[in-house]
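All residue numbers refer to positions in the sequence shown, counting from 1. In listed order, ligands and their atoms are each counted from 1.
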Amino acid sequence: MSGHGTPIPMTSRKSPPLKGVAEVPGDKSVSHRSLILGALAVGETQVTGLLEGEDVLDTARAMRAFGAEIVRHGPGAWSIHGVGTGGFAEPENVIDCGNSGTGVRLIMGAMATTPISATFTGDASLRKRPMGRVTDPLALFGAEARGRRGGRLPLTLTGAAEPVPVHYEVPVPSAQVKSAVLLAALNAPGDTVVIEKEATRDHTERMLRGFGAQISVEPQGSGRVITLTGQPELAAQTLAVPRDPSSAAFPVCAALIVEGSEVLVPGIGLNPTRAGLFTTLLEMGADITFENRREEGGEPVADLRVCHGALTGVEVPPERAASMIDEFPILAAVAAFAEGTTVMRGVKELRVKESDRIDAMARGLEACGVMVEEEEDMLTVHGRGPGGVAGGATVASHLDHRIAMSFLCLGLGAQAPVRVDDASPIATSFPAFEALIAGLGGAVARSNA
Ligand SMILES: O=C(O)C1=C[C@@H](OP(=O)(O)O)[C@@H](O)[C@H](O)C1
Ligand SMILES: C=C(OP(=O)(O)O)C(=O)O
């Protein structure tokens, strides 16, 4: 539950070469889904490598409120005793999903076809984010949502008593919307069909199949048609969560920013629907090697070795945006150290994340002496080359973990220190960020308010 506490200002400064091994936490998307699917399965699901960030802990609390028994056995080791499809109980209190769009949207989907009501809220960031994109398709199943104007939280959702399957084309590229519809479809009789025009992360589909649901995925243009047969009995699973590529992006990019660095980032999930940042960095000339490629927990995984070297600006094709949607802030920070211009198009979804990430990056980069251009759907960064970023500014994180971490990484290579006004949101996805960067030799520390 971020955003409820005292701000934690943090500062980073020009650092000696980063060296060592960066063990990043478990994947946030897979962690949320492990808890939710575990709660809907029959029997006891065992999870290792679960991300213990605030977003995921809020989802665990929510699943308990809906009746699942959840036990933490040790770091990252959890068990979930599920209630079965359609078995959710009505929560007695408001469900607070903190800072997490994934948490609230997937949970709304998971309860939308069970005849119970639940009221959802979140922190100041989450209460600004659009929920109509999920409650609109959930209404097609027969669920009813009453929220603030503009479909904002707090919002009460009443699940359908007699749900019907739906045929739904997702109007925005969003794995959260797709997943909410698929989770709702679990308790609707018959086949639900979800069409996405652009492929987004497919963890829900992979995991539903693993839990025993009948699901087919057919490519269609650059998107997919997904068909799920409702009312399966989901069987408890043993799950190993791969390490999060979106968290790995920070030590990888920090090593690209700080001259002389060489860092190993082991065991990173490289699902193609998540790996767009690494493709882009390679196009910029980054020295990244993918060692020991293997499969873990149903996802492709590799150890990433990253060495600092010269980078050149690139144009990121819009069709790649979905596969690196959370990585644009850190890409914008890296682009500041490249020679030439980096153009990011097709990125308007960034405006409805924890903050308006196009605006937050643009203002912060300008404050650090980097020229940018911004349009509704585009961000351009004019690189200043290695050693050319001035820094020397305080940047607002806007309750957004990725903005905070991106500017702290930028400060590791800037001429003057970069202060982030509030680094507390980092705990939502990457609680060990400060310790991990410091462990590599990066100069990052809490600063005075
Ligand atoms: O499904 C998921 O786990 C996520 C989907 C993405 O959001 P959208 O579906 O809104 O693009 C992403 O930004 C978020 O961090 C995690
Ligand atoms: C957008 C993000 O998360 P969420 O939508 O779950 O808040 C993110 O982690 O970058």
Side-chain angles (χ1 to χ4, degrees), residues 1-3 25-37 51 53-59 62 97-110 120 122-134 137 153 170-183 194 196-208 241 244-250 269 271 273-274 276-277 299 321-331 346-357 360-361 397-406 425-430 433:
M1 283 182 272
S2 82
D27 190 277
K28 178 161 71 73
S29 294
V30 175
S31 295
H32 282 295
R33 287 159 174 81
S34 300
L35 292 167
I36 296 169
L37 290 173
L51 165 65
E54 286 174 4
D55 278 12
V56 174
L57 298 178
D58 283 329
T59 289
C97 288
N99 192 248
S100 180
T102 310
V104 74
R105 293 188 177 122
L106 268 57
I107 296 167
M108 286 199 281
F120 295 90
D123 71 4
S125 155
L126 194 59
R127 292 197 304 271
K128 285 189 199 147
R129 295 175 69 184
M131 295 299 145
R133 54 175 53 197
V134 167
L153 300 176
V170 186
V172 282
S174 167
Q176 293 177 6
V177 175
K178 169 180 66 176
S179 301
V181 174
L182 290 172
L183 291 170
V194 185
E196 55 175 3
K197 283 177 274 191
E198 291 171 48
T200 63
R201 65 190 67 195
D202 62 357
H203 306 296
T204 304
E205 297 90 307
R206 287 173 185 242
M207 292 178 74
L208 277 169
V241 180
D244 197 324
S246 300
S247 297
F250 296 103
N271 179 319
T273 61
R274 296 288 299 281
L277 173 72
E299 299 274 351
S323 68
M324 54 176 291
I325 194 65
D326 293 342
E327 284 65 76
F328 283 104
I330 186 63
L331 176 66
V347 294
K348 66 171 182 290
E349 273 296 296
L350 295 179
R351 296 202 181 271
V352 291
K353 298 294 181 186
E354 284 82 328
S355 68
D356 175 341
R357 287 179 173 165
M361 287 311 298
S397 68
H398 300 284
L399 281 180
D400 189 331
H401 53 139
R402 302 215 191 270
I403 299 300
M405 290 187 279
S406 297
I426 293 174
T428 61
S429 70
F430 197 166
F433 171 81

**OP:** List every atom of ligand 2 that sits less than 4.0 Å from any heavy atom of His401, numbering the atoms from 1 in the order shown and giving each element.
**Re:** 8 (C), 9 (O), 10 (O)
Original post:
Under the salt bridge (Lys or Arg N to Asp or Glu O under 4.0 Å) criterion, do Arg129 and Glu354 qualify, and how do the steps go?
Top reply: CA-CA 8 Å; Arg129 295 175 69 184; Glu354 284 82 328; 3.6 Å; yes
**OP:** Give, for atom CD of Glu54 and atom CG of Asn99, the distance between the pair rounded to the nearest 0.5 Å.
**Re:** 8.0 Å
Original post:
Which atoms of ligand 2 sit under 4.0 Å from any heavy atom of Lys353?
Top reply: 1 (C)
Subject >> Amino acids in close contact with ligand 1, where any non-hydrogen atom sits under 4.0 angstrom away >> reply: Lys28, Ser29, Arg33, Thr102, Pro173, Ser174, Ala175, Gln176, Arg201, Ile325, Asp326, Lys353
Original post:
Is there a nitrogen or oxygen of Arg105 sitting under 3.5 Å from a nitrogen or oxygen of ligand 2?
Top reply: no
Original post:
What's the verdict on salt bridge (Lys or Arg N to Asp or Glu O under 4.0 Å) for Asp244 and Arg274, showing C-alpha distance, side-chain angles and the deciding distance?
Top reply: CA-CA 10 Å; Asp244 197 324; Arg274 296 288 299 281; 3.0 Å; yes
Original post:
Just by modelled atom types, is the Cys97 backbone N or O under 3.5 Å from a matching donor or acceptor in the Ser100 side chain?
Top reply: no
Original post:
Which ligand 2 atoms, with their elements, are less than 4.0 angstrom from a heavy-atom of Ser100?
Top reply: 6 (O), 7 (O)
Original post:
Which atoms from ligand 2 have a heavy atom of Arg402 less than 4.0 Å away?
Top reply: 8 (C), 9 (O), 10 (O)
Original post:
For atom 6 (O) of ligand 2, what is the nearest protein heavy atom, given as residue, atom name and distance?
Top reply: Thr102 OG1, 2.5 Å
Original post:
Side chain of Asp202, backbone of Thr273: donor and acceptor closer than 3.5 Å?
Top reply: no
Subject >> side chain to side chain donor-acceptor pair (under 3.5 Å) against Asp356, all qualifying residues, sequence neighbours excluded >> reply: Arg351
Original post:
What atoms in ligand 2 come closer than 4.0 Å to a heavy atom of Asp326?
Top reply: 1 (C), 8 (C), 9 (O), 10 (O)
Original post:
Going by the atom numbers of ligand 2, which of them fall below 4.0 Å from some non-hydrogen atom of Asn99?
Top reply: 7 (O)
Original post:
Which atoms of ligand 2 sit under 4.0 Å from any heavy atom of Gln176?
Top reply: 4 (P), 5 (O), 6 (O)
Original post:
salt bridge (Lys or Arg N to Asp or Glu O under 4.0 Å) between Asp400 and Arg357: does it pass, once the steps are laid out?
Top reply: CA-CA 8 Å; Asp400 189 331; Arg357 287 179 173 165; 2.8 Å; yes
Subject >> Contact check, side chains of Met361 and Phe328, non-hydrogen atoms, under 4.5 Å >> reply: no
**OP:** Using distance alone, decide if ligand 2 has a nitrogen or oxygen within less than 3.5 Å of any nitrogen or oxygen in Arg129.
**Re:** yes
Original post:
Does Lys128 have any side chain to side chain contact (heavy atoms under 4.5 Å, CB included) partners at least two apart in sequence or in another chain, and if so, which?
Top reply: none
Subject >> Backbone or side-chain N or O of Gly101 under 3.5 Å from ligand 2 N or O >> reply: yes
Original post:
Between Phe430 and Pro25, what is the shortest heavy-atom contact and its length?
Top reply: CE2-CD, 3.5 Å
Original post:
Does ligand 2 have any atom that is closer than 4.0 Å to a heavy atom of Lys28?
Top reply: yes
Subject >> Closest protein heavy atom (residue, atom, distance) for atom 1 (C) of ligand 2 >> reply: Glu354 OE1, 3.0 Å
Subject >> Verdict with reasoning, Ser429 to His401, per side-chain hydrogen bond (donor to acceptor under 3.5 Å, both in side chains) >> reply: CA-CA 7 Å; Ser429 70; His401 53 139; 2.7 Å; yes
Original post:
Is the shortest distance from a heavy atom of Arg357 to ligand 2 less than 4.0 Å?
Top reply: yes
**OP:** Name the orientation class of the two ring planes belonging to Phe433 and Phe250 (parallel below 30°, tilted from 30 to 60°, perpendicular beyond 60°).
**Re:** perpendicular
Donor-acceptor pairs are to be reported for all side-chain atoms of residues 172-183 against protein atoms at under 3.5 Å, with residues two or more places apart or in another chain.
residue, atom, partner, partner atom, Å
Ser174, OG, Gln176, N, 3.2
Ser174, OG, Val177, N, 3.0
Gln176, OE1, Arg105, NH1, 2.5
Gln176, NE2, Thr102, OG1, 2.8
Lys178, NZ, Glu196, OE2, 3.2
Lys178, NZ, Thr200, O, 3.2
Lys178, NZ, Thr200, OG1, 3.1
Lys178, NZ, Arg201, O, 2.9
Lys178, NZ, Glu205, OE2, 2.7
Ser179, OG, Arg33, NH2, 3.2
Ser179, OG, Ala175, O, 2.6
Ser179, OG, Thr204, OG1, 2.7

